[in-house]
Amino acid sequence: MVHTSTSGLVGAGPDGGPGDELSTPPPTAAANRYFASKLAAEFAVDAFLRRHDLRVVLVRPGWMFGPGDAAPTNAGDLALRIAAGRLPFIFRGGANVADARDVAAAMVAAADKADAGERYNLAGDWHTLPEIMATLAAAAGVRTPFVLPDRVTDAVAS
């Protein structure tokens with residue numbers, strides 16, 4: 001069985017550098033409802049594995065983009081909103097971006113070969129949100145959304 005989590009649970013390494021599969025989640029994970037739900041699910045999988053011998057592997061994909069996004073997912077919806085000109089502004093931030101096809105192939109490999117309880121970070125390169133939006137806008141042939149100044153997003157967030 002493959003349990004799908006999120007790269008949002010990958011905290012920094014012991015030296016403050018990039019984390020890996022053994023890194024503890026960042027302190028901010030509990031404040032984000034999506035990350036908190038994924039963290040609770042990982043704890044539940046860990047508890048299950050202590051009592052059962054079913055082979056469960058945990059994968060933590062990055063923010064996935066790719067063809068055939070039928071739902072659409074939040075990434076697909078974002079791309080559609082940019083293409084339609086329905087996203088006039090964005091804020092700073094960033095994410096590890098992964099091709100959905102690469103994540104799917106890695107999940108199949110994990111299901112076939114990994115040991116119970118192993119974790120795999122399936123995140124691609126880190127990109128800022130403005131970089132991601134500029135790429136999506138260029139692909140759609142539209143204007144890149146305006147990046148809100150930090151002071152505006154800070155005021156709204158507080």
Side-chain angles (χ1 to χ4, degrees), residues 1-45 57-111 119-158:
M1 180 176 144
V2 176
H3 171 77
T4 306
S5 187
T6 176
S7 65
L9 298 186
V10 180
D15 63 354
D20 61 19
E21 284 77 3
L22 300 177
S23 299
T24 57
T28 55
N32 178 301
R33 289 182 182 166
Y34 177 74
F35 294 159
S37 72
K38 293 294 191 173
L39 186 58
E42 284 197 15
F43 286 144
V45 169
V57 179
L58 294 95
V59 297
R60 293 173 167 172
W63 195 11
M64 292 181 283
F65 289 85
D69 188 352
T73 62
N74 67 349
D77 182 59
L78 180 68
L80 292 172
R81 287 156 70 63
I82 288 174
R86 291 186 292 131
L87 191 67
F89 57 85
I90 58 172
F91 52 90
R92 296 194 194 283
N96 291 90
V97 177
D99 187 302
R101 295 163 291 192
D102 294 338
V103 170
M107 291 175 77
V108 170
R119 284 177 169 75
Y120 293 96
N121 297 335
L122 306 178
D125 293 330
W126 175 265
H127 295 278
T128 67
L129 195 55
E131 288 171 338
I132 296 166
M133 299 307 112
T135 299
L136 292 172
V142 297
R143 183 184 65 78
T144 301
F146 173 75
V147 179
L148 289 175
D150 290 341
R151 67 182 184 283
V152 173
T153 55
D154 289 348
V156 171
S158 52

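Heads up: numbering here begins at 1 and tracks the sequence.
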Decide yes or no for [X] and [Y]: does some side-chain heavy atom of the first lie under 4.5 Å from some side-chain heavy atom of the second?
X	Y	answer
Met107	Thr4	yes
Asp150	Phe91	no
Leu78	Leu87	yes
Tyr120	Leu58	no
Phe65	Leu136	yes
Phe35	Leu39	no
Phe89	Val152	no
Ile82	Val142	yes

Would you name the heavy atoms of [X] and [Y] that are closest together and state the gap between them?
X	Y	result
Ala36	Ala30	CB-O, 3.8 Å
Ala29	Leu9	CB-CD2, 3.9 Å
Val10	Gly19	CG1-C, 4.0 Å
Asn96	Gly124	ND2-O, 2.9 Å
Gly62	Ser7	CA-OG, 3.3 Å

Query raised in the report: When you look at Trp63 and Leu129, which way does the side chain to side chain contact (heavy atoms under 4.5 Å, CB included) test go after all the steps?
Result: CA-CA 11 Å; Trp63 195 11; Leu129 195 55; 3.9 Å; yes
Report summary line: Sequence neighbours excluded, the answer for side-chain hydrogen bond (donor to acceptor under 3.5 Å, both in side chains) partners of Asp69 is Thr73
Query raised in the report: Taking only residues two or more places apart in sequence, or in another chain, which ones meet Asn32 in a side-chain hydrogen bond (donor to acceptor under 3.5 Å, both in side chains)?
Result: none
Requested in this report: Any salt bridge (Lys or Arg N to Asp or Glu O under 4.0 Å) involving residues 20-43? Give me the pairs, sequence neighbours left out, ordered by first then second residue.
Outcome: Glu42-Arg60, Glu42-Arg119
Requested in this report: Decide side chain to side chain contact (heavy atoms under 4.5 Å, CB included) for Asp99 and Met64; before the verdict, give the C-alpha distance in whole Å, the side-chain angles of both, and the deciding distance to 0.1 Å.
Outcome: CA-CA 6 Å; Asp99 187 302; Met64 292 181 283; over 6 Å; no
Query - Under 3.5 Å donor-acceptor, Asn121 side chain and Ala123 backbone - result: no
Query raised in the report: Should Phe146 and Ile90 be marked as a side chain to side chain contact (heavy atoms under 4.5 Å, CB included) after you check the CA-CA gap, both sets of side-chain angles, and the distance that decides it?
Result: CA-CA 6 Å; Phe146 173 75; Ile90 58 172; over 6 Å; no
Query raised in the report: How long is the gap from CZ on Arg81 to CE on Met133, to the nearest 0.5 Å?
Result: 11.0 Å
